[in-house]
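Here it is, the structure, as C-alpha cells.
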Amino acid sequence: MTALGPAIVELSASDAGTWLIIAECFGVETPTLQGEGPSCGHPALFIRLSRCNLTCARCDTTYTWDWSRFDPRTESTKRPAAELVAWAASCPVELVVITGGEPLIQQRNLVALVQGLLAAGKRVEVETNGTIAPDPALLVEGVRFNVSPKIQSFGVAESRSIVPSALEAFVVAGSAVFKFVASSVSDLDRIAALAAAHRLAPVWVMPEGTTAEAIIAATRVLADAVTARHWHFTTRLHVLAFADARGR
Ligand code: SF4
C-alpha cells in the first residue's frame, strides 16, 4: 500500500464499519518508529486517517483537513478496514499507531480496524485531540489513547478544543495518557490548570517544532519546568531522526 488509491468521497451510512478515509499508511515498506509519547523509539506502523474537527493554526498535518490548500481527492483514499489489517499483518512490527487528522471522527468505522489489528496480534495506539468521547468498543486491552488536547497558544479556541465531557470519558476509561504540545513556560501553566480541572494524568509534554533546531530550543526552554512538575517529557524523535519527512 505505497500509492494512494483513487479519489474518495465521504463515508455513507451503508459503509459503516467497513471503510475508512485514509491520508497515508507507512512503516511497512520503509521502516520507522513512534516518535512521540510513551512508546517513543518503538518500531511502529502508521495509519493516518484523513479529516479533522479542529483547525489549529500550528497544525503539522494540514493535508488531512485544509482543503483551501490541499485537494481531498489526491490527499485521501477510501479503504476497507480488512485491507488495512492485511497491510499491517504483512509486517512483524507489533505497534500500530492510528493517527490523523482526528481519527475518532470515523470511530464507528474504526472499531472493525482496531478489532482486526488486535486479532492479528498488534498493539494499537490511537492519537486523538480529545474532543470526541471514545466508543466503548475501543476501550479494550491492547488499545491506548494518546490524547493531545490543544491549548489556545496552538492557534485554536479552547471553546472548541477543550471538551470536558470527552476528556472525562478518557479519564474514566483509564487507558489514556494526556500529551500536550508546548513551546513556552506559560504554556505549562495553562496545561497545569487543565490537568487540575479535568483530572488529567499522566501528563506528557512535547516541545513544539518541525525542525531539530526548534525542538532542541523548546526542550531547553521547557525541561526544568516540566521536570519540576514531575511530568513526563517526550521529544519528537521522527523529526530529529528523519527531518520530519512525510511517511517516516
Ligand atoms: S487537532 Fe491535530 S490534526 Fe486537527 S487541526 Fe489540530 S493539530 Fe491538526
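Basis for what follows: all heavy atoms, side chains included, without hydrogens, waters or symmetry-related copies. Position 1 is the first residue of the sequence; numbering continues from there. As the structure lists them, so they are numbered: ligands from 1, and atoms in each ligand from 1.
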Requested in this report: Pull out every atom of ligand 1 sitting under 4.0 Å from any heavy atom of Lys150, numbered as shown with elements.
Outcome: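 Answer, ordered by atom number: 7 (S).
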Report summary line: To the nearest 0.5 Å, atom CG of Leu54 lies from atom NZ of Lys150 at 8.0 Å
Query raised in the report: Atoms of ligand 1 less than 4.0 Å from Gly101 heavy atoms?
Result: 3 (S)
Query - Salt-bridge criterion met for Arg246 and Asp60 (N-O under 4.0 Å) - result: no
**Report entry** Under 4.0 Å to a heavy atom of Trp65 - the qualifying atoms of ligand 1, by number
**Finding:**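 Near Trp65, meaning under 4.0 Å from one of its heavy atoms, ligand 1 has 5 (S), 8 (Fe).
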Report task. List every atom of ligand 1 that sits less than 4.0 Å from any heavy atom of Phe154, numbering the atoms from 1 in the order shown and giving each element. Result -> 7 (S)
Query raised in the report: In terms of the angle between their ring planes, are Phe46 and Phe26 parallel, tilted or perpendicular, with boundaries placed at 30° and 60°?
Result: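 Aromatic pair Phe46/Phe26 classed parallel.
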Query raised in the report: Does Cys59 offer a backbone N or O that forms a donor-acceptor pair with the side chain of Thr62 under 3.5 Å?
Result: no
Query raised in the report: From Cys52, does some N, O or S atom reach closer than 2.8 Å to atom 6 (Fe) of ligand 1?
Result: no
**Report entry** Salt-bridge criterion met for Arg199 and Glu168 (N-O under 4.0 Å)
**Finding:**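 Between Glu168 and Arg199 there is a salt bridge, with a charged N closer than 4.0 Å to a carboxylate O.
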Report task. Quick one: look up the protein heavy atom nearest atom 8 (Fe) of ligand 1 and list residue, atom name and how far away it is. Result -> Cys59 SG, 2.3 Å
Report summary line: For Asn129, the ligand 1 atoms with a heavy-atom partner under 4.0 Å come out as 1 (S)
**Report entry** Under 4.0 Å to a heavy atom of Leu54 - the qualifying atoms of ligand 1, by number
**Finding:**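 Every atom of ligand 1 under 4.0 Å from some heavy atom of Leu54: 1 (S), 5 (S).
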Requested in this report: Could you tell me the residue and atom name of the protein heavy atom closest to atom 6 (Fe) of ligand 1, and the distance to it rounded to 0.1 Å?
Outcome: Cys56 SG, 2.4 Å
Requested in this report: Determine, for Arg123 against Glu125, whether the closest basic-nitrogen to carboxylate-oxygen distance falls under 4.0 angstrom.
Outcome: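 So Arg123 pairs with Glu125 through a salt bridge.
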Query raised in the report: Rounded to the nearest 0.5 Å, what separation is found between the NZ atom of Lys179 and the OG1 atom of Thr128?
Result: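 Between atom NZ of Lys179 and atom OG1 of Thr128 there are 10.5 Å.
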Requested in this report: With heavy atoms under 4.0 Å as the rule, classify the contact between Thr61 and ligand 1 as side chain, backbone, both or neither.
Outcome: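 Thr61 to ligand 1: side-chain contact only, backbone stays beyond 4.0 Å.
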